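Reading through the structure tokens given below for one structure.
For the numbers below, each heavy atom of this structure counts, side chains included, while hydrogens, waters and symmetry mates do not. Keep in mind the model is a prediction, meaning the values are calculated, not measured. Residues: numbered from 1 along the sequence shown.
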Amino acid sequence: MSGAAQAAGRQRAALLADALAGLTAPRKTLPCKWLYDAEGARLFEAITRLPEYYPTRTETAILRGGCAAEAARLAGPGAAVVEFGSGSAEKVAILLAALAAPAAYVPVDIAPDWLGAAAARVAADWPGLAVLPVVADFTRPFALPAGLPAKAPRLGFFPGSTIGNFDPAGAEAFLAMARRVLGEGARLLIGADLVKDPAVLEAAYDDAAGVTARFNLNLLARLNRECGADFDLSAFRHQAVWNPREERVEMHLVSLRPQAVSLAGRRIGFAAGETIHTENSHKYRPEGFARLCARGGWDAERCWTDPARLFSVWLLRA
Ligand code: AVI
């Protein structure tokens, strides 16, 4: 069996183990990382272009509107940029363009195909830049590539408010891990979505065209494809709700009727109205985010927001 087939087999086994644990728990859940197979990644790209989904275009405008230039000035010449969960590596172009003679770009992502394609694109666009991809789960400690110039100032990059998809303890653990990986004196440029009118938030996660609904339901389609489950997708609906106590948007899949689904020889029962909780997207208040960063070992050096205060981008210093 090829290495790729073995890796795919391990992924499927991990997905099945998470699904069995999550769907037999008293409150059914599925970890949001499984939303991103090839179809999920394609749907997420489509979400980022929706009129209701303000985070991507707002963060991009903040980066372009002076934030990337100021972060680049503070990081200094010859910086090495390490992007956590680089995905399609689009926003990093704004940062690389602002930096004086960046020494290296290290995209870190768990999906080797995506990572290879994105790294090749950046290398083609930035001749002379050392592009050193790392295949790793960016939520766990990983080693920076040996070829990274030891003296290059380290600048971490974690855009998109992906930090919001961790629970508060996980977010703090991620920040502490990023600090350990990047080292003393490093900086981290990170996007964090802000608390705002619940109607704006719920529309961003339940768009009129139904793209986010398809993104969420794709998780059940993925369990059918990869784990032989028999979910009837028409018997579930997407739901996005603002949880004011936890200050997060929750995505759920609601069972429209009493039903049973089979998964790996198990029958999993659903009551009408019962939900599978598939994602949390935490929103922050600036003071709360600065406190979270401090607990993770970072000082907030700068914070930028847009005029409507929808989104924030932070430069942190280790
Ligand atoms: C990737 N992450 C930051 C997105 C978010 O906004 O929480 C995922 C997403 N889920 C639904 N829409 C977008």
Side-chain angles (χ1 to χ4, degrees), residues 18 22 27 29-36 44 47-48 53-56 58-59 62-63 67 71 82-87 91-92 107-110 136-142 154-183 186-196 198 201 204-205 240-252 277-305 309-318:
D18 279 357
R27 281 169 181 246
T29 62
L30 288 169
C32 66
K33 68 176 180 184
W34 298 114
L35 289 163
Y36 300 91
F44 178 64
I47 286 172
T48 65
Y53 193 75
Y54 61 86
T56 308
T58 309
E59 184 181 49
I62 294 171
L63 287 169
C67 156
V82 178
E83 183 169 9
F84 296 87
S86 48
K91 289 177 195 153
V92 78
V108 183
D109 206 290
I110 199 163
D137 174 352
F138 70 85
T139 65
R140 304 238 173 93
F142 61 90
R154 308 277 196 256
L155 176 58
F157 189 45
F158 193 43
S161 195
T162 304
I163 188 94
N165 297 132
F166 293 107
D167 64 19
E172 183 182 324
F174 167 78
L175 288 165
M177 182 281 298
R179 192 189 185 288
R180 277 196 305 279
V181 167
L182 294 171
R187 287 184 167 84
L188 177 63
L189 189 62
I190 180 168
D193 197 8
L194 298 175
V195 171
K196 61 184 63 64
L201 286 165
Y205 290 82
V241 280
W242 172 241
N243 178 331
R245 200 164 58 87
E246 306 290 343
E247 298 201 320
R248 67 191 190 200
V249 178
E250 297 180 2
M251 289 206 317
H252 292 260
H277 187 168
T278 53
E279 186 187 65
N280 289 319
S281 195
H282 291 262
K283 308 303 167 188
Y284 291 96
R285 297 171 192 271
E287 55 287 0
F289 193 70
R291 278 198 301 273
L292 170 70
C293 294
R295 289 198 300 276
W298 295 91
D299 289 331
E301 196 173 13
R302 292 276 193 284
C303 170
W304 297 265
T305 61
R309 295 182 75 78
L310 294 174
F311 199 90
S312 62
V313 181
W314 298 70
L315 186 67
L316 310 178
R317 181 97 206 252

Atom of Ala240, atom of Val249 and distance for their closest heavy-atom approach = CB-CG1, 4.4 Å
Taking all non-hydrogen atoms of both residues into account, name the closest pair between Asp109 and Gly87 and its distance.
-> OD2-N, 2.8 Å
Without swapping roles, check the side chain of Thr29 against the backbone of His277 for a donor-acceptor pair under 3.5 Å.
-> no
Do Ser161 and Glu59 have side-chain heavy atoms sitting under 4.5 Å apart?
-> no
Nearest heavy-atom contact between Tyr205 and Ser281 is OH-OG, 3.1 Å
Are a donor atom and an acceptor atom from the side chains of Tyr284 and Ser312 found within less than 3.5 Å of each other?
-> no
Indicate the atoms forming the closest heavy-atom contact of Pro159 with Lys91, along with that distance.
-> CB-CD, 3.9 Å
Taking every non-hydrogen atom, the tightest pair across Leu175 and Cys293 | CD1-CA, 3.9 Å
Spacing of Phe138 atom CZ and Met177 atom CE [to the nearest 0.5 Å] = 8.0 Å
What distance do Asp18 atom CG and Trp34 atom CH2 have between them, rounded to the nearest 0.5 Å?
-> 6.0 Å
Do Trp304 and Leu315 have side chains that get closer than 4.5 Å, going by heavy atoms?
-> yes
Is atom CZ of Arg295 surrounded by more than 12 heavy atoms (other residues, nucleotides or ligands) closer than 6.0 Å?
-> yes
Can Phe158 and Phe174 be said to form a side chain to side chain contact (heavy atoms under 4.5 Å, CB included), step by step?
-> CA-CA 11 Å; Phe158 193 43; Phe174 167 78; 3.4 Å; yes
Are any non-hydrogen side-chain atoms of Arg309 and Pro286 less than 4.5 angstrom apart?
-> yes
From CA spacing to verdict: side chain to side chain contact (heavy atoms under 4.5 Å, CB included), Phe84, Thr162 = CA-CA 10 Å; Phe84 296 87; Thr162 304; over 6 Å; no
Spacing of CG belonging to Leu189 relative to CD belonging to Glu301, to within rounding of 0.5 Å | 10.5 Å
Approximate separation, where rounding is to 0.5 Å, of Phe311 CZ and Lys196 NZ = 8.5 Å
Are more than 12 heavy atoms from other residues, nucleotides or ligands located less than 6.0 Å from atom CZ of Arg140?
-> no
Student check: side-chain heavy atoms of Leu201 and Tyr54 closer than 4.5 Å | yes
From CZ (Arg187) to CG (Asp299), nearest 0.5 Å | 11.0 Å
Shortest non-hydrogen contact between Gly296 and Arg179, atoms and distance | O-CD, 4.0 Å
Quick one: does Asp137's side chain have a donor or acceptor within less than 3.5 Å of a partner on Ile110's backbone?
-> no
Using a 4.5 Å cut-off on heavy atoms from C-beta on, say whether the side chain of Glu247 contacts that of Trp242.
-> yes
Is there a donor-acceptor pair closer than 3.5 Å between any side-chain N or O of Asn165 and the backbone N or O of Asn280?
-> yes
Glu83 side chain to Phe157 backbone, donor-acceptor under 3.5 Å = no
Thr139 vs Lys33 side-chain heavy atoms within contact, under 4.5 Å = no
Which residue, Arg285, Lys283, Arg248, forms the salt bridge (Lys or Arg N to Asp or Glu O under 4.0 Å) with Asp193?
-> Lys283
Nearest 0.5 Å, what's the CH2-SG distance between Trp314 and Cys67?
-> 12.0 Å
Do the side chains of Ile190 and Trp298 get nearer than 4.5 Å, heavy atoms only?
-> no
